[in-house]
Amino acid sequence: MKQGVQDKINRVRQLAKTSVKSSNATAKRDVRANDSLSPLVRNAQEANVFLAELNAAIKISEKK
Amino acid sequence: MRIRLNLFEVAEDFSFMTFNTVDKKGVEFLIKIQISPLQNRLLPNVSNLAFGPLDADGKIDDSAQIHHENKAKVFSTILFFCLAFLQQHPHITIGLDGSDEVRAYLYHRMFLKNKEYLEEYFVSIGVDWYVRLLRNNDVERDSSGQPFFKPKPEAFDYSRVNDLYRYYMFRLRQ
């Protein structure tokens with residue numbers, strides 16, 4: 001990663017530590033999103049297929 | 001890519017961030033970016049990215065259409081936040097739901113306009129919905145008679161200029 005980008009990320013991390021405006025600022029990731037992908041993965045078998053295909057697509061994309 | 005940040009608030013776990021942007025008429029908007037786990041617990045390592053101005057209830061209005069003075073800056077800020085989030089959560093794949101034409105067009109354009117940045121730091125995936133064609137020439141249907149769609153991910157095809165995906169995903173490049 002370019003050092004300039006990493007420096008910006010580090011600055012944002014510092015900002016995050018001091019950026020406490022309200023209880024929402026430190027909310028945990030427990031709010032679940034509505035999305036159109038979730039209804040199409042109906043059981044563990046479909047999840048396994050989707051994740052296997054996702055991993056295969058990622059491998060192809062990484063080679064580009 | 002030059003990224004200038006005008007941040008207002010950032011969560012320590014990078015679950016959300018707010019920043020200011022200006023539209024072409026000079027009106028300032030507060031934009032919130034939020035990354036949340038999907039409702040489907042069978043996909044524990046996929047999280048949804050939403051961004052937009054806040055509505056009257058304080059929730060993100062991700063279908064709001066803002067004519068940004070600097071769209072490139074908005075997109076780069078969003079992707080930068082995602083980079084920071086994924087550095088902290090490298091096992092997560094981020095998804096963007098292109099469930100309507102407005103959002104799908106926005107996300108598709110964000111991917112196309114930021115191809116270089118995306119390819120440097122992320123692995124990008126496009127997802128279409130497919131349905132099986134049966135021997136009787138009908139499509140496979142579910143118990144309610146609706147087409148039985150299945151999501152099919154592929155490496156993002158940047159030659160698809162106007163052919164939008166249904167769902168967009170990316171994760172940190174290893």
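Reckoned from all heavy atoms, side chains included, excluding hydrogens, waters and symmetry mates. Residue numbers start from 1 in every chain, and the chains themselves are labelled A, B, ... in the order their sequence lines are given, proteins ahead of strands.
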| task | Mind checking the NZ-CG spacing from B/Lys152 to A/Leu40? Nearest 0.5 Å is all I need. | result | 11.5 Å

| query | When hydrophobic residues are tied together by side-chain contacts of less than 4.5 Å, even through go-betweens, does A/Leu15 share a cluster with B/Ile35? | reply | yes

| request: Answer with side chain, backbone, both or neither: which region of B/Phe149 has an atom nearer than 4.5 Å to a non-hydrogen atom of chain A? | output: both

| said: Please rank A/Leu51, A/Asn10, A/Leu37, A/Val49 by heavy-atom pairs under 4.5 Å with chain B and give me the top one. | reply: A/Leu37

| query | Hey, what do you get for CG (B/Asn40) to CD (A/Glu46), rounding to the nearest 0.5 Å? | reply | 9.5 Å

| Minimum heavy-atom separation for B/Ile125 to A/Ile58, with atom names? | CD1-N, 3.8 Å

| Nearest heavy atoms of A/Asp35 and B/Gln39, plus distance in Å | OD1-N, 4.0 Å

| query | Crowded around B/Tyr130 OH? As in, over 12 foreign heavy atoms under 6.0 Å? | reply | no

| Is the CD atom of A/Gln3 crowded by more than 12 outside heavy atoms at less than 6.0 Å? | yes

| field | Contact class of B/Glu119 relative to chain A, heavy atoms under 4.5 angstrom | value | neither

| Within-4.5 Å side-chain heavy-atom neighbours: B/Lys150 and A/Glu53 | no

| Taking side chain as C-beta onward, heavy atoms only, is B/Phe81 less than 4.5 Å from A/Val12? | no

| Going hydrophobic residue to hydrophobic residue with side-chain gaps under 4.5 angstrom, can you get from B/Tyr117 over to B/Ile33? | yes

| remark: Scanning both residues in full, the closest heavy-atom pair of A/Arg13 with B/Ala84 reads NH2-O, 4.2 Å

| request: Locate the shortest heavy-atom distance separating A/Val5 from B/Phe80; write the atom from each residue and the value. | output: O-CE1, 4.0 Å

| query | Taking atom NE2 of B/His91 as the centre, does the number of heavy atoms from other residues, nucleotides or ligands within less than 6.0 Å exceed 12? | reply | yes

| task | Check side-chain contact (heavy atoms from CB on, under 4.5 Å) between B/Asp55 and all other residues, then give those that pass, not counting sequence neighbours. | result | B/Asp57, B/Lys59, B/Asp61

| remark: For A/Arg42 and B/Leu42 the tightest heavy-atom approach is C-CD1, 4.1 Å

| note | For A/Ala16 and B/Glu12 the tightest heavy-atom approach is O-CG, 3.6 Å

| note | When the 4.5 angstrom heavy-atom criterion is applied to A/Asn43 and chain B, the contacting part is backbone

| Honestly curious: do B/Tyr167 and A/Ile60 fall in one hydrophobic cluster under the side-chain, below-4.5 Å linking rule? | no

| said: I'd like to verify something: which residue of A/Gly4, A/Ser36, A/Ala44 has the highest number of heavy-atom pairs under 4.5 Å with chain B? | reply: A/Ser36

| B/Val102, B/Leu54: one ILVMFWY side-chain cluster at the under-4.5 Å cut-off? | no

| Heavy-atom count around B/Tyr158 OH within 6.0 Å, excluding the residue itself: above 12? | yes

| request: For residues B/Phe156 and A/Ser61, determine if any side-chain heavy atom of one lies less than 4.5 Å from a side-chain heavy atom of the other. | output: no

| request: Verify the cluster assignment for B/Met17 and B/Phe29: are they in a single hydrophobic cluster under the rule of side-chain heavy atoms below 4.5 Å apart? | output: yes

